[in-house]
Amino acid sequence: MPTKVPFKVIQSSSQDDGFSSKELETHAPTVNGWVSSRFCLYPQELVLKLNERVRIRKLQLLSHQYLIATKVEFFVGEGNRDSLGALHGSNFSRLGYVSLSDNEKTGYRARELKSVHVDCYGQFIKIILHKNYINRFNLFNQVGLVAINIIGENKDPHVQEKPLPPKKISFSELQPVSSEYTDPAMWGLINRPDYISPMDDLAFDMYQDPEVGQIIRKLDAKKAEAVRQERYDHAKKLKQAVVDLQKVGERLGKYEVEKRRAVENEDYDLAKMKKVQMEEYRLKVYQQLQLHNLLDNKPTRPRNDPPPPQPRPPPREPDPPPPQPRTPPPPALDQSPRIRENPTPNQSGEGLQEPVAQSYEERPIPTLRKQPAAAAPEPEPDFYAAAAAEPDEIQNTPREEEPEPMSEKNMREASAVIDVYGLPLVAGAYSKNWAHREDALLKVYKEMSEMGPDTPRDQCKSKLRAAIFLVQRSIKDKVFAVFSASLKLLKMILEDYIPQHKLGKADVTYCVDKTMPNLLAKTGDSAARQRVAALNYIQDMAQYKDVKATHQVPHHATQPFKLTIPSRLALSRVELVERLLKDLGLEKNSGLNVDNVMKFVVPALDHTAGEVRDAAVRVILDLYKAVGSPVRDYLPPDDQATRKKPLYKNIFDSFDRIDGKPTEAELKVQKQAAEKKKQEEIEQLQAQIAQLKDLQANIGKEDEEAGPSKGQFDLSRQSTTLSNTNSKVPLGDINIQINVVQKDEGKEDQKSKPPTTHSKHRPPPREKSTLNAPSEAGDDVSSLMENMCIFCGERNEAFTEEGLDLHYWKNCPMLRRCQHCKQVVEIAGLTEHLLTECDQSDNFQQCPRCTEAIPKDEYDEHNRLKQCVVAKPEKVANHCPLCHQNIPPGEEGWKTHLMGKDGCKSNPRRVQALEKKGGGRSGPGIKGKAAAKSRQQAGSRVGVRGGKFGGKTPRGK
């Protein structure tokens with residue numbers, strides 16, 4: 001029969017630190033396996049040497065989860081034991097190769113187990129691993145194997161190397177173990193030459209505790225011996241013990257891995273707890289299964305004979321005789337390399353049923369199918385079902401080990417509970433063994449859940465208070481299973497028991513008051529699992545119907561704590577209040593109000609741990625979003641002294657952001673930006689004025705040199721000469737256009753210039769003034785324009801050259817800056833400017849209904865809705881581009897609309913003009929050619945573009 005063959009790794013191409021090839025010689029859950037060196041050369045080779053020449057029947061390898069080779073080749077060699085030359089390739093024959101998965105679908109979390117069935121002879125095995133798969137975890141292009149397993153049969157080197165198929169084996173060649181068993185059919189079923197035990201499979205050793213694995217192998221051998229002796233009851237007991245031990249070994253293997261990881265992380269408390277947990281669990285299982293009886297019981301008697309009475313040691317008990325003369329057929333060995341699923345409890349709750357699915361070997365023999373079924377013996381109780389089952393599936397399983405006696409002090413302390421539940425149950429709750437403590441809580445759970453609604457009220461209350469006493473004690477338990485059982489019991493009491501028996505609000509308050517202090521203390525536990533479980537349970541408990549009405553959970557949660565408590569507990573307390581605020585909200589008459597929360601959270605701002613302070617700040621900001629300014633009453637005053645502390649500065653800045661106000665830093669930045677912008681505007685205007693004065697001086701010198709035939713240019717009188725001969729002078733971002741020609745040339749140009757036609761919605765330009773106009777009109781305009789804005793008519797002593805520039809630039813209600821090119825234009829000509837003169841004119845299109853300039857990306861929607869006001873002809877009405885309404889015609893209509901008290905609501909400068917109206921004086925209206933000349937002069941001086949009144953457009957920053 002093939003079995004596991006031991007081997008040694010005698011050669012490897014390379015190995016990484018901590019992952020030696022010698023790791024492959026051991027099979028256990030904690031092995032690291034072999035890993036090649038970083039950036040190694042491929043292919044990598046491993047040579048294994050067996051203890052002797054064997055017939056190899058199966059090869060297995062367990063690949064690393066992300067250090068995966070693309071292909072693995074197998075070679076077998078004979079070799080000479082005394083010659084190192086046997087390792088050369090000439091002595092190896094190739095068996096084949098296997099391809100491995102890249103493991104991307106599993107997220108590089110699973111290990112791939114490859115099994116190859118072969119039939120060859122040899123003493124050396126060579127494994128060649130080819131280049132690795134590339135993934136984000138394999139940073140150094142390595143390959144690795146966790147384990148290698150070889151299954152074969154020992155063969156004499158001198159025996160002929162011809163494999164014998166199972167069909168050619170005659171029963172006469174097989175000798176039974178005992179002469180008593182001569183049935184060839186039964187012996188053929190038991191002794192199968194090609195059968196490979198699942199205990200020799202690699203999956204068994206890699207997931208089983210080594211000690212439990214050895215016990216399972218011994219029990220499996222005894223099971224086969226019992227089957228040969230036809231002791232089927234004993235074989236069934238051994239089979240069930242093997243199944244149970246497989247689950248136990250897997251759990252112990254998991255604990256061992258967790259303990260080793262804790263040691264690597266230097267968490268020695270966790271490692272010690274895992275060690276104690278393993279020892280207690282192992283001892284408990286061995287005692288329940290009575291392994292000393294199963295391993296030492298070796299009766300040998302003929303078939304169907306009653307067992308002879310023999311004296312045995314006290315711990316050992318003989319097996320009972322078969323209850324029926326007819327016994328079921330012998331069960332076959334479990335051939336699955338994986339551990340079976342948990343058996344399900346039957347309807348009576350007293351035993352376990354076998355799985356419904358049966359293998360071929362476990363089916364009844366055809367000759368026995370029609371016979372009446374024998375009464376099956378009562379199966380063995382499952383040792384772990386009671387520990388893992390839900391409270392409604394608790395088994396009434398007697399235990400071999402009874403809880404230790406209680407001390408007098410504990411008995412006095414729990415005297416009231418003993419009167420209700422009895423001494424055995426309370427002794428289990430006080431036991432040093434965590435399994436007894438857990439079982440005591442589960443028994444209380446079952447007893448309380450089975451109480452009917454007709455139970456007397458006094459009895460319900462007494463059981464409630466006794467159960468709360470046990471819950472209060474168990475919440476402090478360090479074992480998570482006991483702690484979890486206490487939470488289940490408390491949840492059942494609050495959600496089901498109290499409403500079912502119609503207990504009052506006082507009983508709910510009693511339960512919460514007794515358990516909340518311990519639950520809050522548990523939120524600071526060093527074990528993350530218990531800490532998170534406590535937090536989640538308190539959050540859920542606060543929302544129970546009966547508990548929520550008492551407001552006890554928020555009241556306990558908002559009790560202030562001392563700054564000397566551990567940071568872990570302080571952080572959990574603050575996070576709990578934060579969760580409760582989100583779930584329950586603020587209530588005036590409950591424990592979760594502004595006063596309680598702020599008195600709880602403000603002292604937390606002085607805690608030494610930064611994460612506690614950050615959590616407290618989050619709670620304060622959430623509270624400020626909900627109630628606003630009352631939160632400020634519990635904080636220090638918002639002054640410069642308080643803002644020197646970074647913590648309070650961040651809090652008050654966050655308050656400003658919530659209120660939609662700029663913070664102190666933002667205000668400072670805005671103020672600096674405004675001052676800088678104002679200074680730049682002043683410097684620009686001063687530079688423009690200086691350049692204009694220089695131009696005036698230069699033009700004056702040219703006029704003096706040219707003689708009386710040249711026109712004069714007088715900026716102080718705010719007049720310019722316009723013609724087709726233009727001189728452009730760039731002044732920073734502002735373009736000033738000055739036209740200077742001779743008087744005679746100007747007349748000829750005016751006579752020879754053809755008349756200009758205009759579109760329907762673009763009014764003709766004003767008549768251009770020249771220096772050869774009548775002197776009387778020039779004198780009148782000059783006298784009228786002194787200290788007055790010719791656009792809005794405002795007169796002010798501050799309207800010097802610089803003053804008028806600032807007025808046009810910022811305050812004149814008849815003017816406006818273009819938002820796209822920053823030029824100052826008249827509002828009356830804003831539409832024409834956007835369509836023809838603006839730098840962004842290509843992005844606008846005129847609407848035929850309202851005649852306004854509409855952005856092209858909005859034009860289709862604007863035209864589809866047709867909600868704009870239809871513009872009237874120019875002689876009938878003007879159309880305002882700001883408020884989009886039709887207004888009275890003419891220049892007076894524009895002034896009334898843009899400057900009047902009931903004028904355009906969309907003109908921001910109108911309000912400023914009305915406020916200044918009391919301080920300043922409005923000059924007389926200027927009409928006709930004089931008005932056109934004055935506006936043309938002002939437009940040339942300050943660079944104002946007037947679509948209806950003339951001028952040139954400047955650029956502003």
Side-chain angles (χ1 to χ4, degrees), residues 472 475 490 494 505-524 531 534-638 642 647-648 650-652 654-655 658-659:
Q472 183 182 5
I475 288 175
L490 181 59
L494 295 174
K505 185 177 180 180
D507 297 309
V508 179
T509 304
Y510 176 82
C511 297
V512 177
D513 289 343
K514 290 295 183 180
T515 56
M516 270 299 294
N518 291 347
L519 284 173
L520 291 175
K522 202 69 175 179
T523 59
R531 183 169 65 251
L535 273 173
N536 294 337
Y537 181 80
I538 295 175
Q539 185 179 1
D540 295 339
M541 184 174 65
Q543 301 183 39
Y544 295 164
K545 181 179 179 181
D546 295 333
V547 177
K548 186 177 181 179
T550 62
H551 306 293
Q552 289 299 309
V553 174
H555 175 74
H556 285 277
T558 54
Q559 292 298 319
F561 55 83
K562 297 181 180 179
L563 299 180
T564 55
I565 67 173
S567 59
R568 189 186 300 110
L569 177 57
L571 178 61
S572 299
R573 292 285 305 277
V574 178
E575 289 179 348
L576 176 61
V577 173
E578 184 180 8
R579 293 185 185 186
L580 294 177
L581 277 175
K582 293 180 180 179
D583 293 344
L584 305 178
L586 291 174
E587 298 181 11
K588 293 183 179 179
N589 299 325
S590 71
L592 208 63
N593 52 48
V594 179
D595 185 66
N596 289 348
V597 175
M598 289 303 296
K599 288 181 179 179
F600 166 79
V601 79
V602 169
L605 295 174
D606 298 329
H607 200 275
T608 56
E611 57 269 17
V612 178
R613 297 194 297 271
D614 294 340
V617 170
R618 292 198 303 269
V619 174
I620 292 175
L621 295 182
D622 291 341
L623 205 59
Y624 190 83
K625 291 177 183 178
V627 300
S629 58
V631 176
R632 294 179 180 265
D633 298 338
Y634 298 89
L635 297 174
D638 185 6
T642 306
L647 179 64
Y648 288 102
N650 294 334
I651 293 175
F652 289 125
S654 300
F655 287 170
I658 294 173
D659 294 337

Beyond-backbone contact of His551 with Leu592, side-chain heavy atoms, under 4.5 angstrom = no
Pairwise distance CD1(Ile620) to CD(Glu578) - rounded to 0.5 angstrom = 11.5 Å
Classify the side-chain pair Asn536/Arg531 by whether it contains a donor and acceptor separated by less than 3.5 Å.
-> no
In Å and rounded to the nearest 0.5 Å, what is the OG1 to CG distance from Thr642 to Leu635?
-> 9.5 Å
Side chains of Asp513 and His556: donor-acceptor distance under 3.5 Å anywhere?
-> yes
What is the distance from atom CG of Leu519 to atom NZ of Lys514, rounded to the nearest 0.5 Å?
-> 14.0 Å
Going by the angle between their ring planes, with limits at 30° and 60°, are Tyr624 and Phe655 parallel, tilted or perpendicular?
-> parallel
Hey, does the side chain of Arg613 reach the backbone of Leu647 with a donor-acceptor pair shorter than 3.5 angstrom?
-> no
Output for pair (Lys599 NZ, Asn593 CG), nearest 0.5 Å, gives 9.0 Å
Between the CG atom in Leu569 and the NZ atom in Lys522, the distance rounded to the nearest 0.5 Å is 12.0 Å
Side-chain contact, heavy-atom cut-off 4.5 Å: Phe561 with Val574?
-> yes
Would you call Asp638 and Arg632 a salt bridge, taking side-chain N to carboxylate O under 4.0 Å as the test?
-> yes
Would you give the length of the straight line joining atom OG1 of Thr523 to atom CD of Glu575, rounded to the nearest 0.5 angstrom?
-> 9.5 Å
Over all heavy atoms of both residues, which pair between Ala542 and Val553 is shortest? Give the atoms and the distance, please.
-> CB-CG1, 3.6 Å
Mark yes or no for whether Thr558, through its side chain, and Asn596, through its backbone, hold a donor-acceptor pair below 3.5 Å.
-> no
